[in-house]
Student: 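Got a structure for you, written out below as structure tokens; questions coming shortly.
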2 protein chains.
Amino acid sequence: MAVNLKQLAEILGLSQTTVSRALNGYPEVNAETRQRVLQAVRETGYRPNRAAQRLATGKAYSIGLVMPIAAGIDSDIHFGEFLAGLAEESVKHDFHFVLNPSAPDDEEATFRRLAASGNVDAVFLAYMRPNDPRIPMLKALSIPFVVHGRSIGGPRDYPFLDVDNTQAFYDATKLLLQLGHHRIALINGPDYLAFSIRRKKGVTRALTEWGLGLDEELVHHSVMADEYGYRSMQHFLERPDPPTAVLCSSTVLALGAVRAINRAGLAIGSDISVIAHDDVLPMLKPENFSVPLTTTRSSLRAAGARIATRLIGGIIGRGDYPEQELWRAELIVRASTGPAPGR
Amino acid sequence: MAVNLKQLAEILGLSQTTVSRALNGYPEVNAETRQRVLQAVRETGYRPNRAAQRLATGKAYSIGLVMPIAAGIDSDIHFGEFLAGLAEESVKHDFHFVLNPSAPDDEEATFRRLAASGNVDAVFLAYMRPNDPRIPMLKALSIPFVVHGRSIGGPRDYPFLDVDNTQAFYDATKLLLQLGHHRIALINGPDYLAFSIRRKKGVTRALTEWGLGLDEELVHHSVMADEYGYRSMQHFLERPDPPTAVLCSSTVLALGAVRAINRAGLAIGSDISVIAHDDVLPMLKPENFSVPLTTTRSSLRAAGARIATRLIGGIIGRGDYPEQELWRAELIVRASTGPAPGR
DNA sequence: GTGGATATCCAAAGCGCTTTGAGAGGAAAT
DNA sequence: ATTTCCTCTCAAAGCGCTTTGGATATCCAC
């Protein structure tokens with residue numbers, strides 16, 4: 001059924017060399033010949049054998065994933081979404097994955113083993129922390145990588161794709177300020193993750209520019225599950241001077257926060273404004289909230305796909321991608337934001 | 001640094017053939033020679049080149065995963081946990097993954113492509129539905145597979161690993177009945193999934209044996225996120241004749257249910273009893289609930305690991321595993337169950 | 001017409017492993 | 001002593017691709 005290079009070459013009356021070169025875009029092959037080859041590929045359905053390519057080139061055509069287990073990270077809803085993006089793009093290029101579950105304290109050994117195994121050409125990294133030790137480690141191992149997010153402190157010259165979290169939350173906060181809000185709460189992700197730190201920074205910056213400060217009492221950090229959104233919001237509302245607006249680091253958190261607000265009998269968009277960061281989770285669309293949510297939007301899946309593209313591009317040496325990308329989140333205003341009450 | 005077979009053979013003064021055979025457990029090699037070979041492997045740190053093995057054997061040493069996207073399945077917390085188990089075992093045998101995100105209506109084509117690509121030796125299947133079309137499809141494609149769960153109806157002769165969900169929920173219900181409960185509610189997973197159907201069946205059976213029937217009003221089906229557990233429980237409690245006991249298909253659902261119960265000012269274990277199915281999610285331990293939860297327990301991660309073992313065993317032809325396994329969940333009684341009130 | 005580019009193409013080696021088909025040596029059987 | 005049969009080992013042939021190092025032909029300038 002499936003033809004191989006040798007047969008294909010025979011059919012075409014060419015040598016394997018020429019056919020191979022035609023397929024891999026080498027210049028020393030006549031344009032017309034290349035067309036003939038491409039045509040034959042279409043007709044025969046020829047697909048190069050990955051195992052043979054791997055052996056011949058020494059490339060693994062695979063990317064490594066270290067999944068932190070028991071850390072409440074991999075199992076979270078955001079991980080699956082990101083992974084879907086990665087996989088979506090990888091499957092197009094017939095790239096495979098080597099999944100390595102690893103306890104956090106065993107991560108270094110895992111990376112080391114992975115790099116030494118020769119089973120992957122590159123790895124991907126996420127859940128960045130300040131001064132993340134994995135960056136220097138991977139540099140030392142000299143295995144290509146792309147990180148999703150950015151560390152804070154430490155080396156700056158490494159490939160990443162990040163959302164401009166500071167900017168996003170700065171923008172969001174600014175909008176709230178313009179609407180007259182002064183007491184603004186933040187329900188953030190875990191405080192040890194870089195993106196949370198940056199988001200908080202964005203809020204602080206906007207407030208400072210406005211001549212205000214961030215009330216630390218109005219900042220909560222937690223795993224991004226809606227339970228925590230609920231609890232945090234509930235806490236805030238029990239204060240003598242509850243906030244008139246709240247920023248959530250995820251629509252998942254917002255889900256809980258909204259529930260707490262409803263339960264308190266307050267009206268979203270008038271009594272209290274809500275803005276959430278939207279990772280574009282297909283299950284949780286901000287426009288489907290009872291009161292559609294104002295969000296800062298940046299698709300997690302798109303980020304996954306982009307990182308896969310860059311990783312793969314780097315491996316097959318095609319395409320020239322920027323080493324560092326900072327995506328700007330869009331601020332999308334819906335009904336959950338309104339003027340501060342009593343204004 | 002890394003030695004290959006040829007060099008290893010040279011060091012040992014043996015031929016590649018002999019060394020290869022010694023390593024792969026062929027009988028026609030002297031025990032002493034085999035020991036020498038194994039020793040040399042230890043000393044040199046020799047690791048066979050997977051790409052070469054793949055080419056030589058025609059095996060892919062990889063397993064295929066079709067992740068349904070946009071279905072609220074892959075992103076769910078249970079998927080990550082299962083995947084961790086799969087990966088944990090696979091990494092030991094240096095098996096890789098081919099992740100194929102696929103829209104539900106495109107699944108057949110995805111499997112077909114995957115099988116034809118030769119990139120995987122076997123695939124894994126989950127989220128079984130009644131008369132699941134994927135089973136006959138994979139049989140027709142004649143690619144080895146193992147399913148997690150079981151279909152209902154359709155062919156019966158396929159390899160699976162399932163938890164005896166009927167039994168588990170039968171056991172749990174029986175306990176509640178013995179404690180004097182009559183009005184028992186069920187917060188179940190999606191009604192189109194086989195495991196949900198079986199769990200409900202277990203509840204029904206126990207009630208019937210006791211001379212009671214299942215009140216359909218006290219059964220809710222939903223995605224297993226705690227939000228839904230909350231809502232369902234709230235609904236139940238608003239009834240004129242609320243249940244005195246509730247069964248939850250996941251600790252995630254129980255989380256929400258517990259919240260609703262607390263909010264209603266009821267005491268768990270006395271006013272109302274709760275039993276949940278525990279997939280052993282590291283983030284959500286039933287013993288850590290404010291009132292420790294009685295559960296039917298069966299580790300999802302262990303199931304993942306076991307399936308990987310069977311899949312891999314089938315591929316490398318080592319080990320002889322049963323085609324069908326039905327794990328019995330353990331019923332673990334903690335403080336969330338007690339006698340029915342007023343008894 | 002000749003030397004030297006230039007453009008196309010090819011034969012063959014090699015990637016690191018498994019596996020086939022045989023051979024050498026010794027023990028057992030005749 | 002010869003034959004037969006194991007036991008253990010090996011040389012060599014692939015697996016299907018990439019890539020090196022030429023060939024061959026064409027074309028140009030001189």
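Numbers restart at 1 for each chain; the letters A, B, ... are given by sequence-line order, proteins then strands. All values reported here derive from a predicted model rather than from experimental measurement.
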Student: Tell me which pairs pass side-chain hydrogen bond (donor to acceptor under 3.5 Å, both in side chains) where either residue lies in residues 5-15 of chain A, with sequence neighbours left out.
Tutor: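 Passing the test, one end in residues 5-15 of chain A: A/S15-A/T18.
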Student: Can you list the residues that meet the salt bridge (charged side-chain N to carboxylate O under 4.0 Å, His left out) rule with A/E28, with sequence neighbours excluded?
Tutor: A/R21
Student: Distance alone, cut at 3.5 Å: any donor-acceptor contact between the side chains of B/Q39 and B/Q35?
Tutor: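 B/Q35 and B/Q39 do not have a side-chain donor-acceptor pair below 3.5 Å.
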Student: How many Å lie between CG on B/L23 and P on C/dG16, as a whole number?
Tutor: 16 Å
Student: Please check: side-chain N/O of B/N30 versus main-chain N/O of B/E32, any donor-acceptor pairing under 3.5 Å?
Tutor: yes
Student: Where along nucleotides 18-25 of chain D does protein come under 4.0 Å, by heavy atom, of base (B) or sugar-phosphate alone (S), with - for untouched nucleotides?
Tutor: BBBB----
Student: Estimate the overall bend of the helix from C/dG1-D/dC30 to C/dT30-D/dA1 from the end axes over five pairs each, rounded to 10 degrees.
Tutor: 50°
Student: Begin with the C-alpha distance, continue with both residues' side-chain angles, and end with the deciding distance and a verdict on side chain to side chain contact (heavy atoms under 4.5 Å, CB included) for B/R113 and B/T110.
Tutor: CA-CA 5 Å; B/R113 192 165 1 92; B/T110 303; 3.8 Å; yes
Student: Whole angstrom is fine here: how far is it from CG in B/L55 over to P in C/dC17?
Tutor: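 My rounded result for the distance is 12 Å.
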Student: With a cut-off of 6.0 Å (strictly less than), are more than 12 heavy atoms of other residues, nucleotides or ligands near CZ of B/R34?
Tutor: yes
Student: Rounding to a whole Å, what distance do you find between B/L12:CG and D/dT9:P?
Tutor: 11 Å
Student: How would you list, by chain and number, every residue that makes a ring pair (Phe, Tyr, Trp, His ring centres under 6.0 Å) with A/Y46, sequence neighbours excluded?
Tutor: none
Student: To the nearest Å, how far apart are B/L14 CG and D/dT9 C1'?
Tutor: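 These atoms are roughly 8 Å apart.
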Student: Are any side-chain N or O atoms of B/N24 and backbone N or O atoms of B/S20, one a donor and one an acceptor, separated by less than 3.5 Å?
Tutor: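 Yes, the answer is positive, given that a donor and an acceptor are paired below the 3.5 Å cut-off.
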Student: Do the side-chain N or O atoms of B/N30 get closer than 4.0 angstrom to the phosphate oxygens (OP1, OP2) of D/dC8?
Tutor: yes
Student: How many whole angstroms separate atom CG of B/D94 from atom P of C/dC17?
Tutor: 13 Å
Student: Mind calculating the distance between NZ (B/K6) and C1' (C/dA13) to the nearest angstrom?
Tutor: 12 Å
Student: May I ask you to test the A/S62-A/R54 pair for a side-chain heavy-atom distance under 4.5 Å?
Tutor: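 Counting from C-beta outward, A/S62 and A/R54 do come under 4.5 Å.
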Student: In terms of ring plane angle, is the pair B/F82 and B/H148 parallel, tilted or perpendicular, where the classes change at 30° and 60°?
Tutor: parallel
Student: Which of residues 32-40 of chain B sit near DNA chain C, with a heavy atom under 4.0 Å from it?
Tutor: none
Student: Over how many whole Å does the gap from B/K59 atom NZ to C/dC17 atom P extend?
Tutor: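 Answer to the nearest Å: 16 Å.
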Student: Identify the heavy atoms of B/P322 and B/R306 that sit nearest to each other, and give their distance.
Tutor: CD-NH2, 3.7 Å
Student: Mind checking if A/G13 touches a base, just sugar-phosphate, or nothing, with heavy atoms under 4.0 Å?
Tutor: sugar-phosphate
Student: Rounded to the Å, how far apart are A/E10 CD and D/dG16 P?
Tutor: 14 Å
